[in-house]
Amino acid sequence: QVQLVESGGGLVQAGGSLRLSCAASGTIFSILNMAWYRQAPGKQRALVAGITSGGSTNITDSVKGRFTISRDNAKNTVYLQMNSLKPEDTAVYLCNAKMRVIRFSSRAYDFWGQGTQVTVSS
């Protein structure tokens, strides 16, 4: 069974840092793009940062200069380093990955983690 498991969330004071991890497991033939989204109460899910299999990244403007996305392809893991956290960064953070999971098929499927809560106090 293919799954994404996030870790690293928690409660932190404004100005602090957290590092989120998301590991993919199961029978996986390749992982294409990986990304972090977040969803605050009453708001829509929004892309925070994405990274291709080759390492190209895109970061949403509101976190540029504070958040960094990276991945370890050998470990099927994506990371989100969050620095200078602000109360408005409070949300559930969800990992997303497009993965090929069927042998001999080029079709990629979207997978989501269960989410990890990040709470930033002022």
Side-chain angles (χ1 to χ4, degrees):
Q1 183 178 356
V2 176
Q3 60 179 350
L4 297 173
V5 179
E6 298 118 332
S7 60
L11 173 64
V12 64
Q13 287 189 332
S17 298
L18 285 173
R19 188 191 194 209
L20 305 183
S21 299
C22 171
S25 63
T27 302
I28 300 166
F29 294 97
S30 65
I31 302 177
L32 308 179
N33 295 350
M34 302 185 83
W36 288 96
Y37 287 74
R38 66 186 181 185
Q39 187 164 18
K43 294 189 176 181
Q44 288 190 329
R45 187 174 298 183
L47 176 67
V48 176
I51 185 167
T52 68
S53 57
S56 297
T57 63
N58 68 289
I59 311 286
T60 194
D61 286 346
S62 61
V63 305
K64 273 182 182 175
R66 301 189 295 122
F67 291 12
T68 303
I69 188 170
S70 61
R71 64 191 280 175
D72 184 334
N73 291 331
K75 295 181 179 180
N76 288 344
T77 299
V78 63
Y79 305 96
L80 186 68
Q81 178 67 44
M82 305 185 294
N83 299 328
S84 302
L85 282 160
K86 303 176 180 179
E88 52 263 42
D89 295 318
T90 295
V92 174
Y93 284 71
L94 301 109
C95 174
N96 170 267
K98 297 187 188 304
M99 300 189 284
R100 295 191 178 109
V101 297
I102 299 175
R103 189 183 296 274
F104 306 129
S105 172
S106 62
R107 181 173 178 177
Y109 295 84
D110 259 331
F111 289 84
W112 291 89
Q114 80 286 354
T116 186
Q117 177 70 45
V118 171
T119 302
V120 185
S121 63
S122 57

Please list, chain by chain and in numerical order, all residues satisfying side-chain hydrogen bond (donor to acceptor under 3.5 Å, both in side chains) with Asn33, sequence neighbours excluded.
none
side-chain hydrogen bond (donor to acceptor under 3.5 Å, both in side chains) involving Gln114 - partner list, sequence neighbours excluded
Glu6
dist Gln3:CD -> Ile28:CD1 (nearest 0.5 Å) comes out at 9.5 Å
Could you list all the ring-ring contact (aromatic ring centres under 6.0 Å, His included) pairs where at least one residue sits in residues 55-104, not counting sequence neighbours?
none
Do you know which two heavy atoms are closest between Val118 and Gly9, and how far apart they sit?
CG2-CA, 4.2 Å
By side-chain hydrogen bond (donor to acceptor under 3.5 Å, both in side chains), which residues pair with Lys64, not counting sequence neighbours?
Asp61
Those residues at least two apart in sequence (or on a different chain) that pass side chain to side chain contact (heavy atoms under 4.5 Å, CB included) with Ser84 are Arg66
I want to check something: taking the side chain as every heavy atom from C-beta on, are Arg38 and Asp89 in contact at a cut-off of under 4.5 Å?
yes
Would you please name every residue forming a side chain to side chain contact (heavy atoms under 4.5 Å, CB included) with Ala40, sequence neighbours left out?
Lys43, Ala91
Which distance, rounded to the nearest 0.5 Å, do you find between the CZ of Arg19 and the OG1 of Thr68?
10.5 Å
If you link ILVMFWY side chains whenever their heavy atoms are less than 4.5 Å apart, which other residues fall into the same cluster as Val92? By chain and number, please.
Tyr37, Leu47, Leu94, Trp112
Transitive ILVMFWY cluster of Val5, excluding itself - 4.5 Å side-chain cut-off:
none
Judged by atom type as modelled, is there a donor-acceptor pair below 3.5 Å linking the side chain of Arg71 to the main-chain atoms of Thr52?
yes
If you define the side chain from C-beta out and look only at heavy atoms, does anything of Ser17 sit under 4.5 Å from Gln81?
yes
For Glu88, side-chain hydrogen bond (donor to acceptor under 3.5 Å, both in side chains) partners two or more places apart:
none
If you round to the nearest 0.5 Å, how far is OG of Ser53 from CG of Asn73?
7.0 Å
Which pair of heavy atoms, one from Ala108 and one from Leu32, lies closest together, and at what distance?
CB-CD1, 3.6 Å
Val101 meets the side chain to side chain contact (heavy atoms under 4.5 Å, CB included) criterion, sequence neighbours left out, with Val2, Met99, Tyr109, Phe111
For the atom pair CG (Leu18) and CG (Leu11), what is the distance rounded to the nearest 0.5 Å?
9.0 Å
For Thr90, what residues pass the side chain to side chain contact (heavy atoms under 4.5 Å, CB included) criterion, not counting sequence neighbours?
Gln117, Thr119, Val120
Hey, are the side chains of Asp110 and Asn96 touching, using non-hydrogen atoms and a 4.5 Å cut-off?
yes
Taking all non-hydrogen atoms of both residues into account, name the closest pair between Met82 and Leu20 and its distance.
CE-CG, 3.7 Å
Atom OG in Ser122, atom NZ in Lys86: separation rounded to 0.5 Å?
13.5 Å
In this structure, would Ile102 and Leu4 fall into the same cluster of hydrophobic residues linked by side-chain contacts under 4.5 Å?
yes
Contacts satisfying disulfide (SG to SG under 2.5 Å) that involve residues 26-122 (not counting sequence neighbours) are Cys22-Cys95
